[in-house]
*Asks:* 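Here you go, one structure.
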Amino acid sequence: MKLDSRQIEAYIDRAAAGKSASMPADNERGNAREALLPGRIFADLRPVRPLPAAPILLLFCLLPALVVVAAGVKVFGLGGWQSQSVVLRVLLLGPVGIALVAASHNFSRQMIPGSRRLFSAWAVELLAAGVFIGTVAIAFHHKYSIDMAAADEACFRNGVILSAAAIGLALLAARRGVWLDRVASSLQLAALASAAALLVLTLYCPVLTASHVLVAHFGALVVVLLSAWGIGRVVDRLVR
Amino acid sequence: MDERFNSEPLRPIGPGPEPLEHLMRNYQQADRASAEHLFQLLGPLLTRFFLSMPDCRQTADDLTQETLLRIHKARHSYRPSEPVLPWVYAIARHVRVDQYRKQRRTSKHEEAVETEKLEAQAAPQPEAPQDNPDFETLMSYLPESQREVLRMLKVLGMTVEEVARVTSSTAGSVKQKSHRAYEKLRSILSGASGVAKAVHE
């Protein structure tokens with residue numbers, strides 16, 4: 001016999017109502033618990049300052065990344081920007097900028113339990129990464145280099161250093177946050193920091209070859225993300 | 001915000017009904033009476049939340065205590081313009097996740113005696129649909145992420161938006177999960193003639 005969605009939903013509703021009725025009423029349990037807790041918890045009751053509004057938190061999270069980008073451009077210059085066409089600038093810097101804002105948004109939301117997510121930050125970040133890699137693979141695929149080891153090493157090192165600086169500043173800015181999911185939070189923090197680093201590398205590095213950009217620039221991002229995942233797991237275990 | 005969800009905990013316990021948001025704001029300002037009243041209201045709600053998850057039934061009271069302690073530590077992260085319950089349930093959900101992982105890690109260190117046999121006994125094995133399956137039997141056909149969403153929507157009576165807040169996802173993602181769960185249950189139950197008859201009734 002074929003069932004339609006409305007019938008199934010009504011059936012599940014009935015089953016859930018049965019389950020709900022079988023659970024004790026809200027005020028039937030735990031009197032002893034309520035009697036014990038206040039003494040334990042409220043002994044050190046002090047006023048606390050609530051976290052600021054969501055747009056301000058977003059700025060708090062975005063600002064460290066922007067400081068790193070500004071400092072990176074000041075130190076390294078804009079060699080990459082000058083060697084790119086307008087279309088390339090849009091296709092390379094646009095996705096990185098969008099990923100940066102998405103990561104900041106998600107990171108700021110992670111600070112507050114139960115906060116509202118407007119969009120899936122991971123989906124936006126993956127899409128941005130796809131556009132970036134696609135652009136590099138298509139636009140720079142015909143350019144080969146003979147010995148890129150030195151340039152690769154320098155850019156990779158700078159990428160990791162810039163990411164580490166952004167992570168440090170972002171942690172300072174977001175120190176009052178409550179990180180429930182430590183692994184997801186550390187990954188999002190790494191995504192934010194490595195997007196800032198990738199932005200600096202794309203702005204300053206004039207070496208427009210697919211292998212260099214993917215290995216040295218994007219490789220730094222991958223290494224930072226993997227490290228953050230590992231650190232997040234270790235912290236999670238230690239805290240639990 | 002759905003009125004039903006916010007109005008549920010406003011039963012007259014103690015001196016009189018006060019919105020949770022108001023109590024929470026006073027709690028942040030170190031008002032002990034509001035804090036105690038708030039915990040009186042939240043305690044039973046949290047116990048009910050944990051009782052709705054089969055793996056937490058034995059430890060529901062302990063988990064409630066742990067959640068209340070975490071609420072106290074994280075009280076500065078509540079923003080006065082936001083609803084209280086999604087904030088509370090998000091903390092409770094992570095207490096449950098932490099407890100589950102801790103348990104799993106502890107059980108790894110325990111002596112492994114016929115592990116496979118024990119696992120086979122412990123794991124809920126979806127059987128063929130009975131004539132009139134209860135809610136837990138229906139849930140046993142679904143993956144954990146879909147089960148969690150359906151429990152919050154159907155047993156705890158949350159709205160899609162609230163479930164999205166609690167599970168740190170978007171409303172679209174919650175709708176998608178519940179839709180997939182319905183589709184899966186529909187395809188399973190359509191195959192069982194007794195169930196189909198019960199549904200039609």
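Chain identifiers are assigned alphabetically (A, B, ...) following the order of the sequence lines, protein sequences preceding nucleic acid strands; residue numbering begins at 1 within each chain.
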*Asks:* CD1/A:Ile112 to CZ/B:Arg79 distance, rounded to the nearest 0.5 angstrom?
*Replies:*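 One gets 4.5 Å once the value is rounded to the nearest 0.5 Å.
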*Asks:* Quick one: of B:Ser173, B:Ala35, B:Ala181, B:Ala171, who has the most non-hydrogen atom pairs under 4.5 Å with chain A?
*Replies:*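 Looking at each option in turn, the highest pair count goes to B:Ala35.
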*Asks:* Are A:Leu45 and B:Gln29 close enough, and set up right, to give a side-chain contact (heavy atoms from CB on, under 4.5 Å), and what steps lead you there?
*Replies:* CA-CA 9 Å; A:Leu45 196 59; B:Gln29 300 309 312; over 6 Å; no
*Asks:* So, for A:Pro50 and B:Pro80, which heavy atoms are closest and what is the spacing to 0.1 Å?
*Replies:*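 Scanning both residues, the minimum pair turns out to be CB-CD, 3.9 Å.
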*Asks:* Counting heavy-atom pairs closer than 4.5 Å to chain A, which one of B:Val95, B:Val166, B:Val155 comes out on top?
*Replies:*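 Looking at each of B:Val95, B:Val166, B:Val155 in turn, B:Val155 comes out on top.
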*Asks:* For A:Arg109, which atoms come within 4.5 Å of any heavy atom of chain B: side chain, backbone, both, or neither?
*Replies:*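 No part of A:Arg109 comes within 4.5 Å of chain B.
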*Asks:* So with a 6.0 Å cut-off around CZ of A:Phe119, is the heavy-atom count from everything else above 12?
*Replies:*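 Count over threshold, so yes.
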*Asks:* Does any backbone or side-chain atom of A:Asn106 lie under 4.5 Å from a heavy atom of chain B? Answer side chain, backbone, both or neither.
*Replies:*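 For A:Asn106, no heavy atom lies under 4.5 Å from chain B.
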*Asks:* Which bit of B:Ser169 is near chain A, if near means a heavy-atom gap under 4.5 Å: side chain, backbone, both or neither?
*Replies:*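 Just its backbone gets close to chain A.
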*Asks:* Checking heavy atoms, do the side chain of B:Tyr78, its backbone, both or neither come under 4.5 Å from chain A?
*Replies:*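 The backbone, not the side chain.
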*Asks:* Report the C-alpha separation of A:Ile12 and B:Leu185 in whole Å, then their side-chain angles, then the decisive distance to 0.1 Å, and conclude whether the side-chain contact (heavy atoms from CB on, under 4.5 Å) test is met.
*Replies:* CA-CA 9 Å; A:Ile12 294 168; B:Leu185 289 176; 3.4 Å; yes
*Asks:* Under 4.5 Å from any heavy atom of chain B, what part of A:Ala121 do you find: side chain, backbone, both or neither?
*Replies:*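 Neither; nothing under 4.5 Å.
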*Asks:* Between B:Ile91 and chain A, with a heavy-atom cut-off of 4.5 Å, which part of the residue counts as in contact: side chain, backbone, both or neither?
*Replies:*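 Both parts, backbone and side chain.
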*Asks:* Would you mind checking which part of B:Ala164 comes under 4.5 Å of any heavy atom in chain A, side chain (CB onward), backbone (N, CA, C, O), both or neither?
*Replies:*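 Contact with chain A is absent: no heavy atom of B:Ala164 under 4.5 Å.
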*Asks:* Determine whether a donor-acceptor pair (N or O, by modelled atom type, separation under 3.5 Å) exists between the side chain of B:His76 and the backbone of A:Leu51.
*Replies:*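 Absent.
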*Asks:* Out of curiosity, B:Arg75 CZ to A:Arg46 CZ, how far, rounded to the nearest 0.5 Å?
*Replies:*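 The CZ atom of B:Arg75 sits 8.5 Å away from the CZ atom of A:Arg46.
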*Asks:* Using a cut-off of 6.0 Å, state whether more than 12 heavy atoms not belonging to A:Arg176 lie near its atom CZ.
*Replies:*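 Atom CZ in A:Arg176 is crowded, with more than 12 foreign heavy atoms closer than 6.0 Å.
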*Asks:* Would one find more than 12 heavy atoms of other residues, nucleotides or ligands at under 6.0 Å from atom OH of B:Tyr182?
*Replies:*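 Check passes, neighbour count above 12.
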*Asks:* Would you give the length of the straight line joining atom OG1 of B:Thr167 to atom CG of A:Asp181, rounded to the nearest 0.5 angstrom?
*Replies:*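 One gets 11.5 Å once the value is rounded to the nearest 0.5 Å.
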*Asks:* Restricting to non-hydrogen atoms, name the atom on B:Ser77 and the atom on A:Pro113 that form the minimum distance, rounded to 0.1 Å.
*Replies:*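 Nearest heavy atoms, B:Ser77 then A:Pro113: OG-CD, 3.5 Å.
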*Asks:* Do B:Arg101 and A:Asp236 have side chains that get closer than 4.5 Å, going by heavy atoms?
*Replies:*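 In contact.
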*Asks:* Do B:Glu82 and A:Arg116 meet the salt-bridge criterion of a basic N to acidic O distance under 4.0 Å?
*Replies:*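 No salt bridge links A:Arg116 with B:Glu82.
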*Asks:* Drop me the distance from B:Arg70's CZ to A:Leu180's CG, to the nearest 0.5 angstrom.
*Replies:*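 Atom-to-atom, B:Arg70:CZ and A:Leu180:CG are 7.5 Å apart.
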*Asks:* Taking the basic N atoms (NZ, or NE/NH1/NH2) and the acidic carboxylate oxygens, is any pair closer than 4.0 Å for B:Asp98 and A:Arg182?
*Replies:*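 Result for this pair is yes, salt bridge flagged.
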*Asks:* Side chain from CB out, backbone as N, CA, C, O: work out which of these in A:Ala54 comes under 4.5 Å of a heavy atom of chain B, or both, or neither.
*Replies:*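 Its backbone and side chain both get close to chain B.
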*Asks:* Rounded to the nearest 0.5 Å, how far apart are CZ of A:Arg117 and OG of B:Ser168?
*Replies:*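 Interatomic distance, A:Arg117 CZ to B:Ser168 OG, rounded to 0.5 Å: 4.0 Å.
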